[in-house]
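Everything on this sheet refers to the single structure shown next.
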Amino acid sequence: MIRLSGLKLPLDHPAEAMPVAICERLGLEPQQLLGHSVVRRGNDARRRSAIQLVYTLDIDVADEAAVLERFAKDHDVRPTPDTSYKFVAHVPDGWQGKRPVVIGAGPCGLFAGLILAQMGFKPIILDRGKVVRERTKDTWGLWRRAELNPDSNVQFGEGGAGTFSDGKLYCRVKDPRFLGRKVLEEFVAAGAPDDILWEAHPHIGTFRLVSMVEAMRKQIESLGGEYRWQHRVDDLVLERQGDGTQKLRGLVLHDGSVIEADHVVMAVGHSARPTFEMLHGKGVHIEPKPFSIGVRIEHPQSWVDKARYGNCAGHPDLGAAAYSLAHHCANGRTVYSFCMCPGGRVVAATSEEGRVVTNGMSQYSRAEFNANSGLVVGIDPARDFPEGPLAGIELQRHWESLAYVAGGSSYWAPGQTVGDFLARRPSTQLGSVVPSYKPGVTPTDLSLCLPDYVIEAFHEALPAFGRQIARYDDPDAVMTGVETRTSSPIRITRGKDFQSLNVAGLYPAGEGAGYAGGILSAAIDGIKVAEAVAVQMVQS
């Protein structure tokens, strides 16, 4: 098979246009083209009057070697790669070792557990939260009644934070082994739509993610894996080695019970603050890491569709339009869009009492009225929180607490129209753009709950973004604060063997450990860490 990339066809092209275009691109006679299949489809909307669909295809031709030789210098024509997943190890016959433990049931922990189970190691998976259906009820408790369960919410429980998100399934990590393909194929097997295998920017949405994680849990359990819900890990059992390093020997749970374990995947999410504090107290090597803070900004989705697609807005092959923006400010800060959710809603995402945190979520249809995105400013330890490894957590808590107060101390979020913000006056009422955040939004002044350098950066960036996307800086667009959980504020540093630098047997993984950002990259990291665990267990 030959993989052909970058083949462009007009929107609404007929099916018969595809083989004609392939033959023209490769200089083939029609009879030489034996078959083709779509590997990926995206779009090029740079010219709104002439939007094109962009395809990557796998092609079967009569004389493959001759075609490849003729296009040897063309990077868009190459042999189709082998994307099948190959296990690095399997449990030995009669193996009687301690079972590996995975802490966290988000995307990273889910795939670490799945791969370990598929290799026969029967992992134990611990999570402080609940199964996804019960967790969903608790999450709605915050959104509908302003009642927070600190152990079961948007951040904690089966599926992790990605369950209540847009369900984006693309990332920018290098993936030479096509582990991302393994992730997508497992998702399809668990009930995801098969278009995630070929859409350039695939997504699933919350409702579908719920049923998928349930199906994957059942698969892990059928292979001998075991889930233990509402099991918070409060301490580590460590053994000092002769070389001064420490070896993990077990986990102490919140009820005082101990699980003996020599191989533990630490796949907690970016909001597992008590766990980070416990690890730091035990001497596990942790470093502060850059992250970003800001707000969620909302516009009617129709505005974004029109700005991006012109008269083609609403076309079924284009769907709800997305955007990606960045602006480098005079104060040395960069403002950028983050986790853009077309046709979605802003959600309450706090996991701690007395704090307000926002995030974005979409369903698979992306059919809700507003588009929302994080509008955030990058910050770094040396400049903004140099006080130590956990200083970023305290910075997050500080602004989240102020947001809680600015919103009325009731889990309502503080909000401000773009017009009032740019005029430097508090909002007393909102305009035509109705914010989607529940339980509610309090019109106020966002400078009460964001650093001055963020406020000043937004003042410069919003008009710049308005020149790129029409009506982005419309006076009625609404900003809701605060967005502080863009990524983990720490990194639990690991070596090439994926183990903690100074605690053998501890495998930091995923977004909470500082090695991923989003569902797909976290799942890929979970696979890599599971492989490292399996290889070490087989060799020991």
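- A donor-acceptor pair shorter than 3.5 Å cannot be found between the side chains of T56 and R41.
- Between the side chain of R135 and the backbone N or O of G160, at least one donor-acceptor pair lies under 3.5 Å.
- Atom-to-atom distance recorded for Q363:CD and R345:CZ is 8.5 Å, nearest 0.5 angstrom.
- In this structure, a donor-acceptor pair under 3.5 Å is absent between the side chains of D76 and S5.
- With E158 as the fixed residue, the salt bridge (charged side-chain N to carboxylate O under 4.0 Å, His left out) test singles out one of R217, K130, R128: R217.
- Defined by atom type and a distance below 3.5 Å, a donor-acceptor pair is missing between the side-chain atoms of S487 and H270.
- In this structure, the side chain of Q396 engages the main chain of T484 through a donor-acceptor pair within 3.5 Å.
- In this structure, R491 forms a cation-pi arrangement with Y515, its terminal cationic atom sitting closer than 6.0 Å to the ring centre and no more than 45° off the ring axis.
- In this structure, H13 has its ring center under 6.0 Å from that of Y55.
- The aromatic ring centroids of H203 and Y364 lie less than 6.0 Å from each other.
- Within 6.0 Å of atom NZ in K122, 12 or fewer heavy atoms from other residues, nucleotides or ligands are found, so the atom counts as exposed in its surroundings.
- Surrounding CG of D93 are at most 12 heavy atoms belonging to other residues, nucleotides or ligands under 6.0 Å away.
- Atom CD1 of I286 sits about 9.5 Å away from atom CG of N502, to the nearest 0.5 Å.
- In this structure, F385 and F291 have tilted ring planes: the angle between them lies in the 30° to 60° band.
- Counted by atom type alone, E221 and Q219 present zero donor-acceptor pairs between their side chains at under 3.5 Å.
- Using bins of under 30°, 30° to 60° and over 60° for the plane-to-plane angle, the ring pair F87/Y85 lands in the perpendicular bin.
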